[in-house]
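Working notes for the structure below.
Values in this document were obtained by computation on a predicted structure and should not be read as measured data. For the single chain, residues carry numbers from 1 onward in sequence order.
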Amino acid sequence: MSLLESINTDNLPKHLAIIMDGNGRWAKKQGLLRTLGHNKGTKTVNKIVKTSAKLGIENLTLYAFSSENWNRPKLEVDTLMKILVNSLKKELVTLQENNIRLNSIGNLSKLPNSILKELQDVIEKTKNNTRMTLTLALSYGSREELLNVVKNISDKVKNNIISIDTIDESIINQHLYTHNLPDVDLLIRTSGEHRISNFLLWQIAYAELFFTDVLWPDFTEEHLYEAIISYQKRERRFGKTSEQIKQT
């Protein structure tokens with residue numbers, strides 16, 4: 001039986017998130033410039049997005065550019081921005097053909113106008129697609145997101161829009177960038193690193209984590225299948241005991 005055939009399509013993660021790590025190291029191993037690793041990584045994105053949609057995953061979130069990535073060398077940042085705008089232009093056809101809606105989260109005001117314009121254009125043109133929501137985390141940092149949540153809720157309390165006694169998890173969820181998305185079920189990180197890197201800290205509270213040594217440009221459909229099969233073998237208890245889970 002193939003890996004694909006081993007997947008239970010009735011038990012897919014409703015929200016899959018991926019930290020796409022290892023483009024630079026992949027290029028270095030090949031004796032290439034880091035920027036060529038990022039170019040190669042976009043081909044993996046195309047492949048994994050289409051595969052996820054075909055599998056039936058409803059939400060896929062990709063960590064494309066963190067708020068900390070702005071601190072990288074200017075040449076690399078500029079190249080990443082060019083790759084991003086070119087990818088948005090080229091992938092519109094793929095998104096439309098596969099009925100995928102584009103979404104984005106992060107401090108988008110920091111993005112160059114050319115990218116923001118292209119991003120908004122693709123989001124608008126795909127807004128009625130229903131097969132899968134693809135979310136790009138751009139200029140995203142979870143601590144900054146949570147800081148903004150605290151400020152926004154505090155301002156509403158100050159102005160008597162909401163009462164402090166009514167603040168609960170649902171109120172916090174409503175103020176997150178991801179307010180229109182479910183919590184993450186499965187988080188994959190490539191390249192052998194075992195950390196979260198300031199990504200969706202609130203949203204992954206009960207996510208299953210899958211780490212692989214494979215560098216992102218080498219990540220294949222089979223690697224995705226392995227992660228999903230691993231997820232499906234786990235018992236998700238959400239703080240309960242195994243016995244309680246079995247009784248439900």
Between K156 and H175, is there a side-chain heavy-atom distance shorter than 4.5 Å?
yes

Sidechain N-carboxylate O distance under 4.0 Å for D78, K74
yes

OG1 of T178 to CG of D183, rounded to nearest 0.5 Å, is 7.5 Å

Could you tell me if the side chain of Y231 sits less than 4.5 Å from the side chain of L186, heavy atoms only?
yes

Given T133, which of N180, N103, I57 fulfils the side chain to side chain contact (heavy atoms under 4.5 Å, CB included) condition?
N103

Using a strict threshold of under 4.0 Å (side-chain N to carboxylate O), is an ion pair present between R25 and E193?
yes

Could you tell me whether E58 and K14 have a side-chain N and a carboxylate O separated by less than 4.0 Å?
no

Just wondering, more than 12 heavy atoms not from I161 lying within 6.0 Å of its CD1?
yes

Do other residues, nucleotides or ligands put more than 12 heavy atoms under 6.0 Å from the CG atom of N8?
yes

Does the N39 side chain pair with the main chain of L36, one donor and one acceptor, at a distance under 3.5 Å?
no

Roughly how far, to the nearest 0.5 Å, is the CD1 atom of I164 from the CD1 atom of I153?
10.0 Å

Would you name the heavy atoms of M20 and V45 that are closest together and state the gap between them?
SD-CG2, 3.6 Å

Which atom names give the shortest non-hydrogen contact between G41 and W216, and what distance separates them?
O-NE1, 3.1 Å

Does the side chain of N86 pick up a donor-acceptor pair with the side chain of K90 at under 3.5 Å?
no

Can a side-chain donor-acceptor contact be found between N99 and T130 if the only test is distance below 3.5 angstrom?
yes

L102, T126, V122 screened by side chain to side chain contact (heavy atoms under 4.5 Å, CB included) with L134, the one that passes
L102

Once you measure the plane-to-plane angle for Y140 and Y63, does it fall in the parallel (<30°), tilted (30-60°) or perpendicular (>60°) bin?
perpendicular

Identify whether the distance between the nearest side-chain nitrogen and carboxylate oxygen of D121 and K125 falls below 4.0 Å.
yes

Which residue is it: I19, T212, D213, D218? I am looking for the one with a side chain to side chain contact (heavy atoms under 4.5 Å, CB included) to T190.
T212

Report the distance from atom CG of N148 to atom CD of E145, rounding to the nearest 0.5 Å.
8.0 Å

